[in-house]
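The chain is numbered in sequence order, starting from 1. Because the structure is a prediction, the values reported are computed rather than measured.
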Amino acid sequence: TVAALLDGVPATLAARYVEIWILRLAGVFPTPRDCPLCDRPLTTDARIIDDGALICSACAREHGYNTAPAVSGDGLELLRRTAREDVRQLAEQPPRRGVLGEIEGVCARVRRAFLQDELKSYDVMRRILAECAE
């Protein structure tokens with residue numbers, strides 16, 4: 001990822017890629033494929049609930065999670081792509097505008113559900129990324 005950054009891969013894409021993989025390798029990142037409540041495929045959209053699980057919109061309505069943050073079909077596809085592509089490949093066909101912010105929210109929810117708090121270093125990382133974007 002560092003080499004990809006030096007080659008010009010956008011810092012926000014690299015940050016999301018690393019964050020997803022850290023959570024995935026820790027065993028806490030939810031699968032972006034099937035709803036854990038009904039086993040239906042997650043295709044067009046999903047909801048990220050308080051415990052960090054991704055559930056389908058039908059289950060969200062049925063179980064009272066209508067107000068949980070939505071994850072778009074494009075967001076779900078990016079999550080699936082990170083499992084099979086490296087960060088340079090992702091940069092060749094970057095996600096549409098807004099998807100990286102959506103995925104940042106997913107990662108934050110999963111991280112906070114697991115840790116029961118926010119990382120103190122996360123604010124430092126956000127400031128550094130903001131400086132890189134300027």
Side-chain angles (χ1 to χ4, degrees):
T1 304
V2 172
L5 280 167
L6 294 173
D7 290 342
V9 167
T12 53
L13 178 61
R16 294 298 73 76
Y17 182 81
V18 167
E19 191 170 27
I20 290 165
W21 269 105
I22 288 170
L23 293 167
R24 190 175 278 147
L25 291 171
V28 297
F29 202 82
T31 177
R33 298 200 185 285
D34 300 313
C35 176
L37 301 178
C38 69
D39 291 326
R40 286 185 287 235
L42 298 173
T43 53
T44 57
D45 65 336
R47 300 282 176 169
I48 181 82
I49 60 175
D50 291 336
D51 68 358
L54 285 168
I55 63 172
C56 71
S57 292
C59 285
R61 283 189 300 278
E62 183 179 329
H63 296 281
Y65 292 110
N66 294 357
T67 60
V71 182
S72 68
D74 288 345
L76 293 168
E77 181 56 26
L78 179 62
L79 294 175
R80 290 188 287 267
R81 285 180 62 200
T82 61
R84 64 180 188 267
E85 297 177 23
D86 67 29
V87 70
R88 284 188 176 105
Q89 290 171 306
L90 291 175
E92 289 171 7
Q93 292 182 317
R96 71 168 171 73
R97 187 172 192 77
V99 171
L100 291 176
E102 179 183 316
I103 298 307
E104 181 178 13
V106 169
C107 290
R109 198 150 182 128
V110 171
R111 184 178 60 248
R112 287 190 301 259
F114 178 69
L115 298 173
Q116 300 296 305
D117 202 358
E118 183 58 272
L119 290 170
K120 291 178 182 13
S121 60
Y122 195 75
D123 186 47
V124 173
M125 185 181 83
R126 291 193 74 189
R127 285 195 313 251
I128 291 170
L129 283 173
E131 289 174 15
C132 290
E134 293 175 354

Show, in sequence, the C-alpha distance, side-chain angles and deciding distance for Leu90 and Val9, and conclude whether the side-chain contact (heavy atoms from CB on, under 4.5 Å) test is met. CA-CA 9 Å; Leu90 291 175; Val9 167; over 6 Å; no

Common cluster, [X]/[Y], ILVMFWY with side-chain heavy-atom separation under 4.5 Å:
| X | Y | value |
| --- | --- | --- |
| Val87 | Trp21 | yes |
| Ile103 | Ile49 | no |
| Leu6 | Val18 | no |
| Leu115 | Leu23 | yes |
| Ile128 | Val2 | no |

Please tabulate, for side-chain N and O atoms in residues 27-45, each donor-acceptor pair with protein atoms closer than 3.5 Å (sequence neighbours left out).
residue	atom	partner	partner atom	Å
Thr31	OG1	Arg33	N	3.4
Asp45	OD1	Ser57	OG	3.1
Asp45	OD2	Ser57	OG	2.9

Contacts of Glu77 that satisfy side chain to side chain donor-acceptor pair (under 3.5 Å) - sequence neighbours left out: Arg80, Arg84

Check for a donor-acceptor pair, side chain of Gln89 on one end and backbone N or O of Asp86 on the other, with a separation under 3.5 Å. yes

Minimum heavy-atom distance [X]-[Y], with the two atoms named:
| X | Y | value |
| --- | --- | --- |
| Asp51 | Ala53 | OD1-N, 3.0 Å |
| Cys107 | Glu19 | CB-CD, 3.5 Å |
| Asp50 | Ala113 | O-CB, 3.3 Å |

Step-by-step side-chain contact (heavy atoms from CB on, under 4.5 Å) determination, Val106 to Ile20: CA-CA 9 Å; Val106 169; Ile20 290 165; over 6 Å; no

For the pair Thr82 and Arg16, evaluate side chain to side chain donor-acceptor pair (under 3.5 Å) and give the outcome as yes or no after the intermediate values. CA-CA 9 Å; Thr82 61; Arg16 294 298 73 76; over 6 Å; no

Answer whether the closest heavy-atom distance between the side chains of Glu85 and Gln93 falls below 4.5 Å. no

Under the salt bridge (Lys or Arg N to Asp or Glu O under 4.0 Å) rule, what do Arg112 and Asp117 come out as? Steps first, then yes or no, please. CA-CA 5 Å; Arg112 287 190 301 259; Asp117 202 358; over 6 Å; no

Between Leu54 and Arg47, is the side-chain contact (heavy atoms from CB on, under 4.5 Å) condition met? List the steps. CA-CA 6 Å; Leu54 285 168; Arg47 300 282 176 169; over 6 Å; no

Would you list the atom pairs, donor with acceptor, under 3.5 Å between side chains in residues 58-76 and any protein atom, with sequence neighbours excluded?
residue	atom	partner	partner atom	Å
Asn66	OD1	Arg61	N	3.3
Ser72	OG	Asp74	N	3.4
Ser72	OG	Gly75	N	3.0
Ser72	OG	Glu102	OE1	3.1
Ser72	OG	Glu102	OE2	3.0
Asp74	OD2	Arg96	NE	2.5

